[in-house]
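Just below is one structure, and these are the notes that go with it.
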Amino acid sequence: MKLDLDTLAALPPPVERPRFDAAALRCGIVHLGLGAFHRAHQAVFTDEAIAGAGGDWGIVSVSMRRPAVAEALARQDGLYTVETLDCEPSYRVIGSIRRTLWLPGASQAVLQAIAAPNIHVVTLTVTETGYCLVRDALDTAHPDIVHDLEHPRSPRSAIGVLVAALALRRAAGGGPMTVISCDNLAENGARLSGAVLSLASRWGNRLPDWIAAHVTFPESVVDCIVPAATEESGARANRALGVQDDASVQRESFAQWVMEDRFAGPYPAWVTAGAQIVPSCAEYRRLKLHVLNAAHSALAYLGMARGHERVREAAADPAIAEFLERMIGTEIAPALTALDVQGYWKKTARRFGNPMLDHRLAQIAQDGAAKLSQRYSPLMLANLRSGLPYARMAEVYAAWLRFMEASGAPVDVCGLADPVWREPALRTAILKAEP
Ligand code: CS2
């Protein structure tokens, strides 16, 4: 027996079920990037918003690369379990994802979904590298962008999808739309809109003007620790449900979603689900990116070098704990003036220590060049200019370089877009840092 709309009603009582009629729900959102984070975060906020305030806010969720999750969810009528790992694990079936698509197999359906009049919001989790940026501008040499320039109507990148879909929406006389990046990039809304407008300018016909007049790209800050699902976490969910779920995810109980108040049209009652809609995300983003995410990357590279496998093990290593305390106290906090860095870090360190979470350092170590350039680079440049220390931040870059070397992929620092490599003092500090 598998999880689907037929088996939903018979799930054992401790398992929470959607508090709305999932079968009758219509869609109002398209999401690009059907990974575990989306299922554990935006889809849960949306599920809660629908339960609390109603509305046709089902999600059409698009898998950008691999078909497996889209197919598993399709077999399960879009239903899947979120396992929340606090003192006691708890299980909740989410009903907000109503339709799944696999971009390479259904690009026309994806574009039509975004252009449809019932869709008011597009959200994205396509990772730092999915924006195809180089030095903050669209990388027109990126293979996916090269492809999308040649085949604009069957795009491969998230940027290409948005541009083609917005062209279609305009042609259909479609209404305004809000596009929300949910990735860990500074000013993710402005970066996304810059990339979209830049690609749209290749379409001619004043498409950028139409986009500028009809589409907004609010900044958003997302936070929830979502270790990749494992065989064990899948088996725990199946045991709790008593039926098979091939798309379950695990996460911590904490979740935050802060959005800049710049909506072009209607959107779900996410605030009733605990999201914050604020005039500016800057302070939330600075703490999240330069404290939590920065510490995560440090734990990944320093921790793996010392033989650790999981975040909580690396965080409990006294040498690493002291390194983090000092880096945050003497290099990061002074750069983030007027923010309660120490208070935020205390709470974050507790989350990292969660004994129930098996968050693997190797997961965080992925895409290091893009992550470090967001998490550390702006602070290192700022500290260099204002005479503040940056040696420990440089050590994290050095640990990343050694990690790459050990994995057989040595890095040509001169070829990297991150501006730290173009500052001789920073480059020297990194290359000279001892293990
Ligand atoms: C992590 C993030 O994998 C990583 O790089 O730092 O995914 C982190 O777990 C989330 O941003 C927490 O909200």
Side-chain angles (χ1 to χ4, degrees), residues 33-45 82-86 123-131 180-188 219-230 233 249-259 274-276 281 283-304 308-315 320 324 327-328 332 344-345 347-354 356-377 379 393 396-397 399-400 403-404 418:
L34 177 46
F37 191 83
H38 164 60
R39 281 175 281 151
H41 186 277
Q42 299 92 32
V44 178
F45 274 95
V82 174
E83 177 190 49
T84 301
L85 293 162
D86 220 333
T123 50
L124 295 90
T125 48
V126 293
T127 80
E128 291 87 343
T129 56
Y131 292 80
I180 310 173
S181 162
C182 302
D183 284 295
N184 293 318
L185 269 84
E187 296 172 274
N188 50 17
E219 177 169 6
S220 96
V221 178
V222 293
D223 191 6
C224 182
I225 294 175
V226 182
T230 58
S233 70
V249 292
Q250 52 173 339
R251 56 165 265 193
E252 65 172 338
S253 59
F254 178 90
Q256 182 183 46
W257 194 3
V258 188
M259 282 167 272
Q276 295 155 272
C281 288
E283 297 194 348
Y284 298 92
R285 177 233 307 154
R286 283 161 73 77
L287 285 171
K288 165 77 200 322
L289 208 53
H290 303 312
V291 181
L292 185 149
N293 290 122
H296 248 172
S297 291
L299 285 164
Y301 302 121
L302 301 174
M304 287 170 85
H308 300 297
E309 231 185 274
R310 298 176 178 84
V311 169
R312 67 176 135 80
E313 294 158 0
I320 298 180
L324 282 180
M327 178 176 72
I328 290 168
I332 294 182
Y344 181 86
W345 169 234
K347 289 186 205 146
T348 303
R350 267 203 298 277
R351 290 168 60 197
F352 287 175
N354 184 338
M356 307 277 290
L357 283 188
D358 273 341
H359 196 189
R360 292 169 55 81
L361 298 170
Q363 182 183 339
I364 300 168
Q366 296 305 310
D367 294 333
K371 286 179 180 175
L372 295 183
S373 77
Q374 289 295 321
R375 300 171 182 195
Y376 284 100
S377 173
L379 299 194
M393 296 196 275
V396 178
Y397 267 82
W400 167 68
F403 163 81
M404 294 300 285
D418 187 333

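By convention here, the first residue in the shown sequence is residue 1. The basis for the numbers below is simple: all heavy atoms, side chains too, and nothing from hydrogens, waters or symmetry mates. Read the numbers this way: they start at 1 and go in the same order the structure lists the ligands and their atoms. Here the structure is a predicted model, which means the values were calculated and not measured.
Of the protein's heavy atoms, Asn293 ND2, 3.6 Å lies nearest to atom 2 (C) of ligand 1. Of the protein's non-hydrogen atoms, the one nearest atom 3 (O) of ligand 1 is Lys371 NZ, 3.4 Å. Among all non-hydrogen protein atoms, the one lying nearest atom 7 (O) of ligand 1 is Asn184 ND2, 4.3 Å. Ranking the protein heavy atoms by distance from atom 13 (O) of ligand 1 puts Asp223 OD1, 2.5 Å first. Atom 1 (C) of ligand 1 has its closest protein heavy atom at His296 ND1, 3.3 Å.
Taking the side chain as every heavy atom from C-beta outward, Tyr376 and Met327 approach each other to under 4.5 Å.
Only the side chain of Arg375 comes within 4.0 Å of ligand 1, counting heavy atoms alone; its backbone N, CA, C and O stay farther away. With a 4.0 Å heavy-atom cut-off, ligand 1 is reached by no atom of Gln366. Neither the backbone nor the side chain of Val226 comes within 4.0 Å of ligand 1, counting heavy atoms alone. Contact annotation: for Cys224 versus ligand 1, heavy atoms closer than 4.0 Å belong to the backbone alone.
The pair Arg375-Glu128 counts as a salt bridge, with a side-chain nitrogen and a carboxylate oxygen less than 4.0 angstrom apart.
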Residues Gln256, Tyr284; criterion side chain to side chain contact (heavy atoms under 4.5 Å, CB included); working and verdict: CA-CA 10 Å; Gln256 182 183 46; Tyr284 298 92; 3.9 Å; yes
Check against side chain to side chain contact (heavy atoms under 4.5 Å, CB included), Val222 and Phe37: CA-CA 10 Å; Val222 293; Phe37 191 83; 3.7 Å; yes
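There is a side-chain donor-acceptor pair under 3.5 Å between Lys288 and Asn184. For the 3.5 Å distance criterion, the side chains of Ser181 and Tyr131 qualify, holding a donor opposite an acceptor.
At most 12 non-hydrogen atoms from other residues, nucleotides or ligands lie less than 6.0 angstrom from CZ of Arg360.
For ligand 1, the polar-atom distance check against Arg351 finds no nitrogen or oxygen pair separated by under 3.5 Å.
Taking every non-hydrogen atom of Lys288 and a distance limit under 4.0 Å, the qualifying atoms of ligand 1 come out as 10 (C), 11 (O), 12 (C), 13 (O). If you number the atoms of ligand 1 from 1 as listed, the ones under 4.0 Å from a heavy atom of His359 come out as 9 (O).
Aromatic pair His359/Phe352: centroids not less than 6.0 angstrom apart.
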